[in-house]
Every structure is written in structure tokens, then in C-alpha cells.
Amino acid sequence: MLRIYNSLSKKKEEFIPNDPNHIKFYACGPTVYNKIHIGNARAFISADLLAKILKGIYSKVTYVCNITDIDDKIIDAAKEENLSIKDISTKYFNQYQEDTALLGISKPDIQPFATDYIDDMIAYIEKLIASDNAYEKDSNVLFRVSSFPNYGCLSDRKLDEHESGSRVKVEDFKESPNDFTLWKPSLDDDPGWDSPWGRGRPGWHLECSVMSESTLDIPFDIHSGGNDLKFPHHDNEIAQTCAYHGNEDPTSFAKYWVHNGFLNLEDEKMSKSLGNVIYIDQLLKKYKGNEVRLALLSTHYRQPIPWSEELLDQSHNIYVKLQNAFKKYGEIEEKFHADSKIAEILMDDLNTPLAIRTMQDLVSEPNENIKNEIATFKYIFEGSNQDLSLSDEQVNEINELVKERDDARNSGDYDRADKIRDKLSKMNVSIKDVNGKTEWEIL
RNA sequence: GGCUGAGUGGCAGAGUGGUUAUGCAGCGGACUGCAACUCCGUUAACAUCGGUUCGAUUCCGUUCUCAGCCUCCA
């Protein structure tokens, strides 16, 4: 039985699917305007974790993760890099695919692109206007928040309490400061599509309402995203979709809402302005994909992760230790065994830290079910497609040096032996003398 | 100000109404030409103040602190 914390009820709940024969899960994906960083990766890995567990339990699961390929940030990036919008979004989409695969994140079943749904979005807006839930002003179309009484139900925000902390400048085309954009005009050199309100482009929140419903139909089971998306993004999605269908109940859209926590660097939020952004492609030059994955899963998904070198080194140690322990059992196929201890722990609101701890316990005191435990562990915590193999040439070079060192040791020339060991360690090769034999591995 | 979450040993992080994980680091030892690896042993914690209780780190309440959101953001 899967239990999951539902942001809508603010409680850990038993997961009861709308249809156990077909589980539907939608996660908010990337805006492809830059390389993904470690914080983005955490969100994608959390969604991947949940998708993997769902797929382990249920026979049919459709996991959708959208790609935002039209957005002001993309327009800015295109100007900066002097590329077309399409080139920018393609470039960073490809990088996203590559980086996530290296972290063992499986491809979603469906990856809808926002720009493929512009016509649907326009039709959606027309209906919202017709039902008086939206209005046009100066070529902008805005959602009229006051028309949806349950607005803010996810984040528990009340509209009239909003003023005190508000720092946002209210554009004069808005009836109310909380109204949000469904459609906005594009300047001549900005990308745009023809619409009843002139040439323009969709607001950000709209795409998820349109694409989730188009790909999964509503109600679907789970909607996930980063904690920061709760408000306004997800509350806006709920308002749009519910208003569109004339239904006030947010569960008529998605039943469970799942949000992951952030990642802190030295007690600071990672941000471009602080210059402390860690990109995945850089990180993977030093650590293996599975190690980074383990590090990201070593904290419960709802808690903030204090990210540090130390955490990565620790994850490296645990990873190596477990790999060595697993070797004893030969090849084990990655597979989710729902009756294993590891699975049971994960099904309690995705308790990955406890699962990691338990796996360590289990290998130190194996039980007869250990192979299923390992299979389940590998299914969740491994799966990076990173190619760690060396060329034949490199392997030969290392073997030769190792042999030279052994010869030196056998003849008592320890100075020379140690020099060779230093040389190997500079090549990131670590030496172990085990039972008279010399083993080596790449760090 | 509002909403949400959290405060456990040097660090990370589970868990529990009484026997107080685990990993890393530290310390001691075995092994080693020296290391590394491995193994054995070991130090050390439960934010604050009250309450309930025979007994609370664990339950209830107070206080304090921290983080995120309330503005694009994973």
C-alpha cells in the first residue's frame, strides 16, 4: 500500500487511484532556456522516484512531464546567445535529456511541448472568456480570480490577506492584482501566434492545464512539482481547470498534489545572482551519475537538502560499499519487488533515507530475500546510463604500471613502487593490495 | 503579516514512551614494506520552558530559531 503526503490535504494519505488499472501522473517539467542545475535535478529525480514506484506497483502507469519551450526566459536566452527561439529550446532540451539520463532518470511516457498546444490553449481561453472567468484588456487576456471562489485552496491563501506582503507592481490592465495572464501580446520580433486578441503568446500557467488534460484527461491521480510551484502556478492551474469545467472541487482536476523541497548551498539558496549555481554536466565530471542520484535521494524529498562536497563524498562511500556488497550475489536484475522491505519503506511517502540505511543493514546481515531487496534498491537508486568504461589503451597502460609496481615491490624497490602508485593516483586510479594480488579501480 | 515544513552527536540522517540506528569524520587496534581496502572496538545527540506520566528525545502546550512560498524560480 502506497502512502503519500498530499499538499492539498496537508496530510499523509493512503494512495487510492481513480482507476487502479491505469495510473495517471503529471509532473511539471523544465523550461528549456539553460542547462539544468542540481536543484532542477532534485525535482526531476523526485518525480522519477514516484513514477518508478508507481510503475513498480501498478501494471499501467502513464507519466507525463511537460517541456516549456515558449517563455520570456527563453526569449531572453535567445537574444543573449544570438540564436533563434527554436534553436535555444532544442539545444537545452537535448542537454536536459542527456543530463537526466546520466542521473538515472527514466524518460517520461509522454513529453508534451507547449508550442504544440497553442491552438488548444487559444480555444481554452475562448471558453474561459465566454464563461466570464476571463477578460480581455489591451490585447492581454487575464483570468478573473474573483470568479473562482475556491482560489488559493492549495496554498491556503486568502485573497484579502495578500496585500500585506505584496511587493509586485500591479499593471493597470488588471481588474485585480491577483488576476493572472492567460495570453499576452508579443512585440514584432518576439515569437507569437495569431489569436482573436492579436498576435501574442500564452501565459505560463495555462500550458499545464491544457497539456495535462489533453494527455491524461481529468481527473488524473497525481500532479507534482517543486515547492515553489505550489503558489501561484498550481493554484492557478486549479483555478483555470476547475473554472473551465464549472467545478469547484480541485480533486476534479488532480487528486493528489506532491511537492518536493529545495536544495541549499551552505545555508544559501542557490541562485544565479549569488553565482553559486551547480550544473549537472559539471558535477558529473567529478562524480558518477548514480552517486549524485544517491546524494539527492539521501534526504527525504520534502525536506531541504543541505548540499555540500561532504554529502557527495559520503554518497560516494556508501555507493562503493554497497556495490562491493552486491557483487557477492552476482548479476541481479533491477526490479521492484513490492513485498520487499526496501519497497515497503519507499511506499511510506518515499522514505529514501531510511531505505538507504536499511539496505546497508541488510547487506551486513543478509536474509534469504536479499536478492529481491537488492533488485528493488537498484531499480530505484541506480540506472544511470553513464558509460564508465575505459578504452583498451587506457586499461593497458594502467595494467602495465601496476605490473611494474608489483615487480618493483617483489624486488624490494619500494621507492620506485611508491612513485608508480603516486603516478596512478594522479590518473585517478586507486590501488589495493588484496591477498597478494593488486586490484585497481577508477575513482 | 499570512501559509507550509523543520529543529537529534563534528557532519548527514532514521527511529523510539523505558533497552538510545546507520554512514562519514575522530580515536584505539588487527592486517600491510608503507599505504589503501577490509575487519574489530570506541567517544558523542535528541533547541527551550512547562504539562501529562512511575518514566519523554518520543505525547500535549509555550517560547525561540531556521528554511521555502506570498515576485520569474525546482
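This one's a predicted model, so the numbers in the text were calculated from it and none came from an experiment. Numbered from 1 within each chain, the chains take letters A, B, ... in sequence-line order.
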Q: Could you state the CG-P distance from A:Asp99 to B:A74, rounded to the nearest angstrom?
A: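 The answer, rounded to whole Å, is 15 Å.
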Q: May A:Phe262 be described as stacking on the base of B:A74, applying a 5.5 Å centroid limit and a 30° limit on plane angle?
A: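 Yes, aromatic ring over the base.
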Q: Of the candidate nucleotides B:A12, B:A74, B:A14, which contains the atom at the shortest distance from the side chain of A:Asn351?
A: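 Closest of the options to the side chain of A:Asn351: B:A14.
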Q: Partners of A:Lys12 by side chain to side chain donor-acceptor pair (under 3.5 Å), sequence neighbours excluded?
A: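 Counting only residues at least two positions away or on another chain, A:Lys12 forms a side chain to side chain donor-acceptor pair (under 3.5 Å) with A:Asp348.
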Q: Determine the stems involving RNA chain B; a stem requires 3 or more consecutive pairs of the Watson-Crick or G-U wobble kind, each with both distances below 3.5 Å, and the answer is none if no such run exists.
A: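 B:1-7 with B:64-70, B:10-12 with B:22-24, B:26-30 with B:38-42, B:49-51 with B:59-61 - these are the stems of 3 or more pairs that involve RNA chain B.
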Q: With sequence neighbours left out, what residues match A:Arg201 under side chain to side chain donor-acceptor pair (under 3.5 Å)?
A: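 Only A:Asp72, A:Ser186 meet the side chain to side chain donor-acceptor pair (under 3.5 Å) criterion with A:Arg201.
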Q: Can you tell me if the side-chain N/O atoms of A:Tyr33 get under 4.0 Å from OP1 or OP2 in B:C73?
A: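 Answer no for this pair, as no side-chain N or O of A:Tyr33 is under 4.0 Å from OP1 or OP2.
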Q: Nearest whole Å is fine: how far is B:C70 C1' from A:His234 NE2?
A: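 One finds 16 Å between C1' of B:C70 and NE2 of A:His234, rounded.
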Q: How far, in whole Å, is B:U48 from B:C64 if one measures between their P atoms?
A: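 It comes out at 15 Å once rounded to the nearest Å.
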Q: Residues in salt bridge (Lys or Arg N to Asp or Glu O under 4.0 Å) with A:Lys432, at least two apart?
A: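 Only A:Glu441 meet the salt bridge (Lys or Arg N to Asp or Glu O under 4.0 Å) criterion with A:Lys432.
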Q: Residues in salt bridge (Lys or Arg N to Asp or Glu O under 4.0 Å) with A:Lys73, at least two apart?
A: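 Once residues adjacent in sequence are excluded, the partners of A:Lys73 under the salt bridge (Lys or Arg N to Asp or Glu O under 4.0 Å) criterion are A:Asp71.
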Q: Which pairs pass salt bridge (Lys or Arg N to Asp or Glu O under 4.0 Å) with one or both residues in residues 28-44 of chain A, sequence neighbours excluded?
A: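 Every pair satisfying salt bridge (Lys or Arg N to Asp or Glu O under 4.0 Å) with a residue in residues 28-44 of chain A: A:Lys35-A:Asp281.
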Q: Using the side-chain heavy atoms of A:Asp156, tell me which of these nucleotides is nearest: B:C73, B:A74, B:C3.
A: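 Side chain of A:Asp156 sits closest to B:C3.
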Q: Name all pairs fulfilling the salt bridge (Lys or Arg N to Asp or Glu O under 4.0 Å) condition that reach into residues 99-118 of chain A, sequence neighbours left out, sorted by first residue then second.
A: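 Listed once each, the pairs are A:Lys55-A:Asp109.
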Q: Nearest whole angstrom, please: distance from the C1' of B:A6 to the NE2 of A:His300.
A: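 So the NE2-C1' distance, A:His300 to B:A6, works out to 12 Å.
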Q: Mind checking A:Tyr319 for me? I need base, sugar-phosphate or nothing, with any heavy atom below 4.0 Å counting as a touch.
A: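 Contact class for A:Tyr319: none.
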Q: Categorize A:Gln303 for me: base, sugar-phosphate, or nothing, with a 4.0 angstrom heavy-atom threshold over every strand shown.
A: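 Sugar-phosphate only.
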Q: A:Leu263 has a side chain; which of B:C72, B:A14, B:A74 sits nearest to it?
A: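 Nucleotide nearest to A:Leu263's side chain: B:A74.
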Q: Within the 4.0 Å heavy-atom criterion, would you say A:Leu229 contacts the bases, only the backbone, or no part of the nucleic acid?
A: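 Counting heavy atoms under 4.0 Å across all strands, the contact made by A:Leu229 is with sugar-phosphate only.
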Q: Which residue lies toward the 5' end of RNA chain B, A:Thr299 or A:His205, if each is placed at its nearest nucleotide?
A: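 In this pair, the answer is A:Thr299.
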Q: Mind checking the C1' distance from B:G7 to B:C40? Whole angstroms is fine.
A: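 Comparing C1' positions in B:G7 and B:C40 gives a spacing of 35 Å.
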Q: Tell me what A:His259 touches on the nucleic acid: a base, only sugar-phosphate, or nothing, going by heavy atoms under 4.0 Å.
A: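 Result for A:His259 = nothing.
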Q: Nearest-Å distance, CG (A:Asp235) to C1' (B:C3)?
A: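 Taking atom C1' of B:C3 as the reference, CG of A:Asp235 is at 11 Å.
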Q: Indicate for each nucleotide in nucleotides 22-36 of chain B, in 5' to 3' sequence, whether protein heavy atoms under 4.0 Å reach the base (B), only the sugar-phosphate (S), or nothing (-).
A: SBS--------BBBB
Q: If the condition is side chain to side chain donor-acceptor pair (under 3.5 Å), which residues does A:Thr115 pass it with, not counting sequence neighbours?
A: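 Residues passing side chain to side chain donor-acceptor pair (under 3.5 Å) with A:Thr115: A:Asp69.
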Q: With C1' as the reference atom in both, quote the distance from B:G50 to B:C3 in angstrom, rounded to an integer.
A: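 Taking atom C1' in both B:G50 and B:C3, they lie 28 Å apart.
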Q: Which residues pass the salt bridge (Lys or Arg N to Asp or Glu O under 4.0 Å) test with A:Arg357, sequence neighbours left out?
A: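 If we apply the salt bridge (Lys or Arg N to Asp or Glu O under 4.0 Å) test to A:Arg357, skipping adjacent residues, the hits are A:Asp361.
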Q: Please list, chain by chain and in numerical order, all residues satisfying salt bridge (Lys or Arg N to Asp or Glu O under 4.0 Å) with A:Lys341, sequence neighbours excluded.
A: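 With neighbours one apart ignored, the set is empty.
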Q: How long is the line joining CG of A:Asn260 and P of B:C69, in whole Å?
A: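 My rounded result for the distance is 13 Å.
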Q: Using atom C1' of each nucleotide, how far apart are B:G33 and B:U42 to the nearest Å?
A: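 Pairwise C1' distance, B:G33 against B:U42, rounds to 29 Å.
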Q: Check whether any side-chain nitrogen or oxygen of A:Ser155 sits under 4.0 Å from OP1 or OP2 of B:C70, and answer yes or no.
A: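 Looking at the OP1 and OP2 atoms of B:C70, neither is under 4.0 Å from any side-chain N or O of A:Ser155.
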Q: Do A:Lys52 and A:Ser106 meet the criterion of a side-chain donor-acceptor pair at a distance under 3.5 Å?
A: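 Looking only at side-chain atoms, A:Ser106 and A:Lys52 do form a donor-acceptor pair, the distance falling under 3.5 Å.
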Q: CZ of A:Phe231 versus P of B:G5: gap in Å, rounded?
A: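 Between P of B:G5 and CZ of A:Phe231: 17 Å.
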Q: Taking atom C1' of B:A21 as reference, at what distance in whole Å does atom CE of A:Met359 sit?
A: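 Spelled out: CE on A:Met359 to C1' on B:A21 is 16 Å.
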Q: Rounding to an integer number of angstrom, what distance separates B:A25 and B:A44 when you compare their C1' atoms?
A: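 It comes out at 12 Å once rounded to the nearest Å.
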Q: Say we look at B:C49 and B:C54: how far apart would their P atoms be, to the nearest angstrom?
A: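 Their P atoms lie roughly 23 Å apart.
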Q: With rounding to the closest Å, how many angstrom separate the C1' atoms on B:C69 and B:U8?
A: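 My reading of the C1' atoms in B:C69 and B:U8 gives 27 Å.
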Q: Within residues 72-97 of chain A, find the residues that approach RNA chain B with a heavy atom at under 4.0 Å, and present them sorted by residue number.
A: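 A:Lys73, in order of number.
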Q: Is it the case that more than 12 heavy atoms not belonging to A:Glu344 sit under 6.0 Å from its CD atom?
A: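 Open.
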Q: Taking only side-chain nitrogens and oxygens of A:Asn178, does any of them come within less than 4.0 Å of OP1 or OP2 of B:C70?
A: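 No, outside the criterion.
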Q: Under 4.0 Å between any heavy atoms, over every strand shown, what does A:Ser298 touch: base, sugar-phosphate, or nothing? Just pick one.
A: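 If one applies the 4.0 Å heavy-atom cut-off, A:Ser298 turns out to touch the sugar-phosphate alone, with no base involved.
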Q: With a 4.0 Å cut-off, would you call A:Glu13 and A:Arg3 a salt bridge?
A: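 Between A:Arg3 and A:Glu13 there is no salt bridge, as every charged N stays at least 4.0 Å from the carboxylate O atoms.
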Q: Can you tell me how far P of B:G10 sits from CD of A:Glu309, to the nearest Å?
A: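 Result: 23 Å.
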Q: Does the side chain of A:Trp204 pick up a donor-acceptor pair with the side chain of A:Asn236 at under 3.5 Å?
A: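 On atom types as modelled, these side chains do not qualify, holding no pair under 3.5 Å.
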Q: Is the closest side-chain donor-acceptor distance between A:Asp249 and A:Thr251 under 3.5 Å?
A: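 On atom types as modelled, these side chains qualify, holding a pair under 3.5 Å.
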Q: Say we look at B:C27 and B:C66: how far apart would their P atoms be, to the nearest angstrom?
A: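 Pairwise P distance, B:C27 against B:C66, rounds to 34 Å.
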